[in-house]
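Throughout, numbering of the chain's residues begins at 1 and tracks the sequence. No experiment lies behind these values; they were computed from the predicted model shown.
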Amino acid sequence: MATEKTFYLETFGCQMNAHDSEKVIGTLHQQGYRQVESEEDAGLILYNTCSIRDKAEQKVFNRLNDYKKLHKQGKRFGVLGCVAQQEGEKIFDRAPHVSLVCGSASYPKFGELLVQIENGGRHVTGLSLDTGETFDTPFTRRDNPHRAYITIIEGCDKSCAYCVVPFTRGPERSRTAASVMEEARRLAAEGYSEIQLLGQNVNSYRDPSETAWDFATLLARIAEVDGIRRVRYTTSHPRDFVKPIVDAMDANPVLCDHVHLPVQSGSTRVLAAMDRLYTRDEYMRRIEWIKNAKRRYSLTTDIIIGFPGETDHDFQQTLDLLDEVQYDSLFSFKYSPRPNTAALQMEDRIPEDEKQRRLLTLQEKQRAIQIRRNAELIGSIQEVLVEGRNQALGQWIGRTSCNRTLNFSHPDTGGTDLSGTYLSVRVTRAGPNSLVGESACVV
Ligand code: 5AD
Ligand code: SF4
């Protein structure tokens, strides 16, 4: 009797990676593999990796080292995703027990590569970046029963000086609008009520077929799909974030009350060095469109601290930008030099302790802003999608359209699970990172 084929998969990095893993898992199931919960139980051990910052990259090499001994038991190892693409065959030198190295642009061939390692292939690679294809499979195994991800565009054609993504995910490829719409309709029919559109730069989406929809048009159409109650998208590039996107959002509340618009720096001089293709003023114009819109939208961003040459004055401009915009939340990172990128050659590196000091200053300022922004919601009624229950607190966990976690009490349901339902909740308290409330529904 043939032995059962099993795999373990751990995912690092962004939402795109998480969704790639859902598709890879679908392909593995299709080829007769069963997923297991630990490296020890698996015949095939896969890591879907991230290389956005050095720390993320180190994680995979630590894992490979930790589990190296399992190779003697005949287990196979595969490195997928961004570190695979970036390091390529060098991974075999550093970790000779690895049999498969495959970047995301080669996932359409993932099934074939699996067969090669099953047939004893020692150093199997999928590293080509010149694929015109997107990885689009009907076998996707979805993690969340209510929210589904749809990739609309892969790769990135920008060349931000700090960023490894154009090297790890290759050039931009948009999926046809017909296949995106078909997937959205199918997901709605299967009971998913929230769709999240994914891409490194969703704003530059352009339907490659004759209809040639742009991103704003696609958003508007997806929001009209029967059964879809919420649509989110990530991530945006300010240069390609045009006014019709805000107009489309205003026109249909299915498009959630949230815009994530990564700014990276508040200094036009640093933005130019980063090759971000917009000035602070141009960024602020987009913020004005959003602030002058019909609904109140949550605004969130990404910021990099300590880019080469960032002066105290530049940093102060980033702090001032926080005061001006009043973000609802932000992700902040210390600049991390990445292979192949333009910034690698730049002089005037900021010392680690100075980066740390600036990061803490920024986070402290943002915390105060968030406490204020969240407190403004006390007394309001928010619709939440229930995501689960926190037994210890005796509360349900909900997510608002503006992407906040809202933990709330609700009359005893007699054991009925509210997950996946939409409820109105009155906000009663607010902290820096979440809200607390009570169900406003009459039961
Ligand atoms: N160093 C630090 N942060 C980075 N990011 C991207 N590349 C780097 C880097 N080299 C951040 C950006 C981006 C987010 C996903 O990660 O802020 O928006
Ligand atoms: Fe990490 Fe970027 Fe790759 Fe996502 S696309 S996994 S953030 S390097």
Value for CG (Asp275) from OG (Ser159), rounded to nearest 0.5 Å, stands at 4.5 Å
Does the pair Glu364 and Arg367 meet the rule for a salt bridge (charged side-chain N to carboxylate O under 4.0 Å, His left out), with working shown?
CA-CA 5 Å; Glu364 210 172 294; Arg367 187 181 151 86; over 6 Å; no
What heavy-atom pair brings Asn252 and Ala223 nearest, and what distance separates the two atoms?
ND2-CB, 3.4 Å
Full working for salt bridge (charged side-chain N to carboxylate O under 4.0 Å, His left out) between Glu194 and Arg229
CA-CA 6 Å; Glu194 181 174 317; Arg229 292 188 57 166; over 6 Å; no
Donor-acceptor pair between Ser51 and Glu57 side chains, under 3.5 angstrom:
no
Under a 3.5 Å threshold, yes or no: a donor from one side chain and an acceptor from the other, between Asp320 and Gln316?
yes
Arg232 (side chain) donor-acceptor with Leu255 (main chain) under 3.5 angstrom
no
Is there a donor in the side chain of Asp240 and an acceptor in the side chain of Asn201, or the other way round, less than 3.5 Å apart?
yes
Indicate whether the side chain of Tyr33 and that of Glu118 have a donor and an acceptor atom separated by less than 3.5 Å.
yes
Salt bridge between Glu310 and Arg358, side-chain N to carboxylate O under 4.0 Å?
yes
Test side-chain contact (heavy atoms from CB on, under 4.5 Å) applied to Val165 and Ile52, step by step:
CA-CA 7 Å; Val165 171; Ile52 197 96; 4.0 Å; yes
To the nearest 0.5 angstrom, please state how far the CZ atom of Arg147 sits from the OH atom of Tyr192.
12.0 Å
Which pair of non-hydrogen atoms, one from Ser104 and one from Thr168, has the smallest distance, and what is that distance?
OG-O, 4.1 Å
Regarding Thr134 and Asp136, is there a side-chain donor-to-acceptor distance under 3.5 Å anywhere?
no
All heavy atoms of Ala216 vs all of Ala248, minimum pair found to be O-CB, 3.9 Å
Within the structure provided, determine whether Leu359 and Lys355 are in side-chain contact (heavy-atom separation under 4.5 Å).
no
Would you call Arg173 and Glu133 a salt bridge, taking side-chain N to carboxylate O under 4.0 Å as the test?
no
State whether a side-chain donor-acceptor pair under 3.5 Å links Arg404 with Ser434.
no
When every non-hydrogen atom of Ala212 is compared with those of Arg206, the smallest separation belongs to O-NH1, 2.7 Å
Ring-plane angle category for Tyr8 and Tyr47, please: parallel below 30°, perpendicular beyond 60°, tilted otherwise.
perpendicular
Hey, can you tell me if His19 and Tyr149 have their rings parallel, tilted or perpendicular (30° and 60° cut-offs)?
tilted
With a 3.5 Å distance limit and no angle check, can you tell me whether Thr49 reaches the backbone of Leu80 through a side-chain donor-acceptor pair?
yes
Please confirm whether the backbone N or O of Asp323 pairs with a side-chain atom of Gln326, one donor and one acceptor, at under 3.5 Å?
yes
Please determine, by modelled atom types, if Glu172 and Ser204 share a side-chain donor-acceptor pair under 3.5 angstrom.
yes
Verdict with reasoning, Thr400 to Glu383, per side chain to side chain donor-acceptor pair (under 3.5 Å)
CA-CA 6 Å; Thr400 66; Glu383 186 188 61; over 6 Å; no
Between Arg169 and Glu154, is there a salt bridge with N-O shorter than 4.0 Å?
no
Spell out, as yes or no, whether a donor-acceptor pair under 3.5 Å connects the side chain of Thr301 to the backbone of Leu261.
yes
Taking everything shown except Arg269 itself, do over 12 heavy atoms lie less than 6.0 Å from its CZ?
yes
Heavy atoms only: give me the nearest Ala343-Tyr335 pair and the separation to one decimal.
CB-OH, 3.3 Å
Using the ring of each side chain (for Trp, its six-membered ring), is His410 parallel, tilted or perpendicular to Phe408, with breaks at 30° and 60°?
perpendicular
Can you see which heavy atom on Lys5 is nearest to which on Gln31, and at what distance?
NZ-O, 2.7 Å
Closer than 3.5 angstrom, by distance alone: can the side chain of Tyr233 be matched with the main-chain N or O of Ile195 as a donor-acceptor pair?
no
What pairs meet the salt bridge (charged side-chain N to carboxylate O under 4.0 Å, His left out) rule with one or both residues in residues 278-294, with sequence neighbours excluded?
Arg280-Glu324
Just checking, is any N or O donor in the side chain of Glu112 or Gln116 under 3.5 Å from an acceptor N or O on the other one?
no
Side-chain (Thr140) to main-chain (Lys23) donor-acceptor, under 3.5 angstrom
no
Check the side chains of Thr300 and His258 for a donor-acceptor pair under 3.5 angstrom, ignoring hydrogens and angles.
yes
So, Gln382 versus Ser401: side-chain donor-acceptor pair below 3.5 Å or not?
no
Do Ser298 and Asn403 have a side chain donor and acceptor closer than 3.5 Å?
no
Ignoring hydrogens and angles, state whether a donor on the side chain of Gln264 or Tyr162 is under 3.5 Å from an acceptor on the partner side chain.
yes
Determine all donor-acceptor pairs shorter than 3.5 Å in which one atom belongs to a side chain in residues 422-431; sequence neighbours excluded.
from: Tyr422; atom 1: OH; to: Ser193; atom 2: OG; distance (Å): 2.7
from: Thr428; atom 1: OG1; to: Val436; atom 2: O; distance (Å): 3.2

With no hydrogens and no angle check, just 3.5 Å: does a side-chain donor-acceptor pair link Thr151 and Arg175?
no
Side-chain donor or acceptor of Thr318 paired with backbone N/O of Gly266 under 3.5 Å:
yes
Ignoring hydrogens and angles, state whether a donor on the side chain of Gln370 or Asn433 is under 3.5 Å from an acceptor on the partner side chain.
yes
Between Asn17 and Thr11, does any side-chain donor sit less than 3.5 Å from a side-chain acceptor?
no
